[in-house]
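In what follows, a structure is listed as structure tokens, so that the remarks can point back to it.
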Amino acid sequence: MSARLVVSLYGIGGEPDLARCARFAARLDRLRVGLSVLVPASLLTDSAVTDWVRERVASGDALVLHGLEPPRSNRIRGLHDDRRRPRHEAGLRLTAVNAVLDAAGLGSETFAPLGGRASTGTLAALRAAGFGACVEPEVLRDLRTGRVRRSRVRTLAGFRSESARCRGLRSTTEREVRDWPGLARLAISAEDLGHPTRRAAVHDAIDLALLHDAVPATYPELVAPPPAPPHSAPTGRGTPNPDPLTS
């Protein structure tokens, strides 16, 4: 059984980050590795970012809504933490950010909470809105079936030296796909891509995973698909009778 590999990109700060993000995405295209792009609604007020995200989604990448922060919100510490949000507030914020996505010509059924975990109220609001997946640092939640898949996201963040973090990303990724075939998740920040050592470690980790036959996937591909729309029952009206003699 082969492991599944998910590569996500987060922390896009605006147009200045797009060139290196585009180069990274192009490399993944050559490897046939889909990208899950984490984007907050507030970032979709930047037309350059919106155009690039729309282009990536059209090519098969997945858009992951990152948090329930609406555009131009008051950035006060503690107000944008999805770990504590009650359902009614989550529903209101979800309506607001979905309006931003609609205006940008984008849509998403995958969510990654700010603060690492989603509150019970946030999860309930996401289910009610038709979301299929909630991406958390330790688990992947299928909001349609209730299945919880345990898998830790690997990043280059931390307090160790850069060289130690890079070695750790390579070795941990290889070990996960080789010894415990399940789900390997890499989350790469736009800032990481601007540092040659970190960028090389990311490339190596992905190459090692593919070398051990990991199968690339985006987050929506790992959860149950949305239900098919119900077929309307035939009414018998509106279709002309080809034989008028039997009318």
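Atom CD of Glu15 sits in a sparse spot, with 12 or fewer heavy atoms from other residues, nucleotides or ligands closer than 6.0 Å. No more than 12 heavy atoms of other residues, nucleotides or ligands lie within 6.0 Å of CZ in Arg147, so this atom counts as exposed by the packing criterion.
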_side-chain contact (heavy atoms from CB on, under 4.5 Å) between Leu140 and Val6, worked out_ = CA-CA 11 Å; Leu140 170 62; Val6 176; over 6 Å; no
_side-chain contact (heavy atoms from CB on, under 4.5 Å), that's the test. Do Arg154 and Glu176 meet it? Break it down for me._
CA-CA 11 Å; Arg154 305 297 175 180; Glu176 282 186 334; 2.8 Å; yes
*How far apart are the C-alpha atoms of Arg149 and Arg4, what are their side-chain angles, what is the distance that settles it, and do they pass the side-chain contact (heavy atoms from CB on, under 4.5 Å) test?*
CA-CA 12 Å; Arg149 193 166 182 173; Arg4 304 302 297 272; 4.3 Å; yes
_Working note: His66 + Val39, criterion side-chain contact (heavy atoms from CB on, under 4.5 Å); need CA distance, chi angles, decisive distance, verdict._
CA-CA 5 Å; His66 197 191; Val39 178; 5.7 Å; no
*asked:* Could you go through Arg167 and Asp204, starting from their C-alpha distance and side-chain angles, then the distance that decides it, and tell me whether this counts as salt bridge (Lys or Arg N to Asp or Glu O under 4.0 Å)?
replied: CA-CA 10 Å; Arg167 285 196 305 271; Asp204 290 346; over 6 Å; no
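Between Cys21 and Leu193 the shortest heavy-atom distance is CA-CD1, 4.1 Å. Of all the heavy atoms in Leu123 and Cys134, the pair that sits closest is CD2-SG, 3.8 Å. Closest heavy-atom contact between Trp52 and Ala22: NE1-CB, 3.7 Å. The minimum heavy-atom distance between Pro113 and Glu136, with the atom names listed, is CG-CG, 4.1 Å. Counting all heavy atoms, side chain and backbone alike, Ala125 lies closest to Leu94 at O-CD2, 3.6 Å. Looking at every heavy atom in both residues, Arg144 comes nearest to Pro225 through CD-O, 3.5 Å.
A single hydrophobic cluster is seen to contain both Val57 and Val33, as judged by linkage of ILVMFWY side chains at heavy-atom distances under 4.5 Å, directly or through other members. Hydrophobic clustering, with ILVMFWY side chains joined whenever heavy atoms are under 4.5 angstrom apart, groups Leu106 together with Val100. Leu186 and Val37 fall within the same hydrophobic cluster, defined by Ile, Leu, Val, Met, Phe, Trp and Tyr side-chain heavy atoms under 4.5 Å apart, directly or through other members. When hydrophobic clusters are built by joining Ile, Leu, Val, Met, Phe, Trp and Tyr residues whose side-chain heavy atoms come closer than 4.5 Å, directly or via intermediates, Leu208 is not grouped with Val7. Hydrophobic clustering keeps Trp180 apart from Leu183 (ILVMFWY residues linked when any side-chain heavy atoms are closer than 4.5 Å, directly or through intermediates).
Using a 30° and 60° split on the angle between ring planes, Phe111 and Phe131 fall in the perpendicular class, above 60°.
Side-chain N or O atoms of Arg165 include one that pairs as donor or acceptor with a backbone N or O of Leu156 at under 3.5 Å. Listed for the Asp192 side chain is no donor-acceptor partner under 3.5 Å among the backbone atoms of Ile188. Using a distance-only test at 3.5 Å, with no hydrogens or angles considered, a donor-acceptor pair links the side chain of Arg54 to the main chain of Ala104. Between the side chain of Arg87 and the backbone N or O of Gly121 there is no donor-acceptor pair closer than 3.5 Å. With hydrogens and angles disregarded, no donor-acceptor distance shorter than 3.5 Å links the side chain of Thr218 to the backbone of Ala62. In terms of modelled atom types and a separation under 3.5 Å, the side chain of Ser108 and the main chain of Leu63 share a donor-acceptor contact. Side-chain N or O atoms of Arg93 include none that pairs as donor or acceptor with a backbone N or O of Gly67 at under 3.5 Å. Under the 3.5 Å distance criterion, the side-chain polar atoms of Asp61 are matched with a main-chain donor or acceptor of Leu35. A distance-only check finds a donor-acceptor pair linking the side chain of Ser36 to the backbone of Tyr219 [under 3.5 Å]. Listed for the Glu89 side chain is no donor-acceptor partner under 3.5 Å among the backbone atoms of Pro86.
The OG1 atom of Thr173 lies 10.5 Å from the NE2 atom of His212; values are rounded to the nearest 0.5 Å. From Asp207, atom CG reaches atom CG of Leu31 across 6.0 Å, with rounding to the nearest 0.5 Å. In this structure, CG in Leu18 is found 7.0 Å from CG in Asp46, a value given to the nearest 0.5 Å. In this structure, CG in Leu28 is found 7.5 Å from NE2 in His203, a value given to the nearest 0.5 Å. The distance from atom CD of Glu191 to atom CZ of Arg198, rounded to the nearest 0.5 Å, is 5.5 Å. To the nearest 0.5 angstrom, Arg27 atom CZ is 6.5 Å from Ile206 atom CD1.
Side-chain atoms of Glu162 and His195, non-hydrogen and from C-beta on, do get closer than 4.5 Å to each other. Taking 4.5 Å as the limit, some side-chain heavy atom of Arg185 sits within range of a side-chain heavy atom of Val135.
Each of Val53, Thr50, Ile12, Leu38 was compared with Leu43 under the side-chain contact (heavy atoms from CB on, under 4.5 Å) criterion, and only Ile12 meets it.
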